[in-house]
Amino acid sequence: MAQTPDDARFATLAVHAGQSPEETTGAIMPPIFQTSTYVQPAIAEPLGGIYDYARVANPTREALERNFAGIESGTHGVAFASGLAAIECVLKLLSAGDHVVTEENTYGGTTRMFMRVLERLGIRFTFVDSRDPQTVAAAMTPETKLVHLETPTNPMMRIADIRAIADIAHAGGSRLMVDNTFASPYNQRPLELGADIVVHSTTKYLNGHSDIIGGILAVRDDALAEEILFVRKSTGAVPGPMDAWLCLRGMKTLHLRMAAHNANGMAIAEWLEAHSGVDRVHYPGLPSHEQHELAARQMSGFTGMVSVDVGSLERARALVEHTRIFQLAESLGGVESLISVPALMTHASVPAERRQRMGVTDGLVRLSCGIEHVDDLIGDLDQALG
Ligand SMILES: *Cc1c(COP(=O)(O)O)cnc(C)c1O
């Protein structure tokens, strides 16, 4: 695996990147600066040159952003009130008439924003199967300003070659944004592979405890960071300080949690593949995954996300209604295991024809394997499948 993270370094970054004791007391954790404004010593002379209003600057949020930039190999982190707000902010760097190329198996909420909100404002989108980089190249036009990828995709676990597509985007005068929510920076760091922007729903693995909605992005370019900060300041989708603090606390154990998610995901994918009641398992860590080699090249672990086709809606329903540890819910990436039926839940708004083409059948079940003991998780699936 080419991109094997140096675990010790990642672990140290996760705990310490961008953190320093608070100045007045030495508090080792950043205080929750629960304030909307700051007193200025003189007219238009805010302390630190930036603390004039909390939409613009908040020290708790900044501690989160510095930590995230550290673990995603970026130079700037920018936090948002949700994952969708982070993605929307990047789209607002564009103007009416600009064109975007995007993976067709993109998260349902992102697809809805693109098709039903931003198209109306004059931004145009082409949806492609980014497993083949040539489909991205073929969709580029002189107006293309952004290529948007998710890899692995939800729930089909398609893989896009980040490095190859970064080259294609740049050759066409476009930027590449990668939604790294599914992989997490522990397993994959798109900025190191040539992406210009990496974005996350922190709601998932980064926060990891299913108790906030949040988003964040990182870049390596000062001018691009300035453009993004300007749009965030001008549009306002910032996270509250309490949520920023919770997310930072979650991220300090990302390496421990991801190691457990990766191990449980792999063990469960292997167990399911050998089970007679299962038609097909989609997991990039399995040699049977059609893009396993590419996944192994650009990822160092394969997460706790496993999709399994049990053949029919009846069997899918029987499975998700009989698990006791895996809870029936949307979302993913928390310490507790979740199970869902994408065609009827997260992907119900995707046109049926596109769902079928992508393989999101009514019998497809998505597992978010948590960090419980693997024997208990397998035992739970075993009794529910039986
Ligand atoms: C959940 C999710 C989002 C949206 O994030 P929110 O925090 O729910 O707004 C975007 N991309 C992916 C891959 C997701 O899983």
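If you read the sequence from its start, that first residue is 1, and numbering goes on from there. All ligand and atom numbering here is 1-based and tracks the order in the structure. Every value quoted in this text rests on a predicted model; they were computed, and no experiment measured them.
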By ring-ring contact (aromatic ring centres under 6.0 Å, His included), F125 pairs with (sequence neighbours left out) F114
Ligand 1 to G214, heavy atom cutoff 4.0 Å, flagged ligand atoms 7 (O)
Result for ring pair (Phe, Tyr, Trp, His ring centres under 6.0 Å) between H200 and one of F68, F182, Y205 points to F68
Going by the 4.0 angstrom heavy-atom rule, the piece of T181 near ligand 1 is side chain
closest protein heavy atom to atom 4 (C) of ligand 1 is Y107 CE2, 3.4 Å
When distances are taken from atom 1 (C) of ligand 1, the protein heavy atom at minimum range is K204 NZ, 1.5 Å
Checking side-chain polar atoms at under 3.5 Å, does E336 have a donor or acceptor matched by the opposite partner on S210?
yes
Query - Y38 ring center within less than 6.0 Å of Y53 ring center - result: no
### Query
Do the side chain of H209 and the main chain of N207 share a donor and acceptor less than 3.5 angstrom apart?
yes
Applying salt bridge (charged side-chain N to carboxylate O under 4.0 Å, His left out) to D382 and not counting sequence neighbours gives none
| query | When you look at R280 and H282, which way does the side chain to side chain contact (heavy atoms under 4.5 Å, CB included) test go after all the steps? | reply | CA-CA 7 Å; R280 200 145 168 220; H282 302 277; 3.8 Å; yes
A student checking ligand 1 against D179 at a 4.0 Å heavy-atom cut-off should list atoms 10 (C), 11 (N), 12 (C), 13 (C)
Before signing off on this row, confirm whether S201 and ligand 1 have an N or O atom pair separated by under 3.5 Å. yes
If I apply the N/O under 3.5 Å rule, does G83 come out as touching ligand 1? yes
Per-atom filter on ligand 1: closer than 4.0 angstrom to a heavy atom of T203 are 7 (O)
- Is L84 close to ligand 1, meaning an N/O of one under 3.5 Å from an N/O of the other? yes
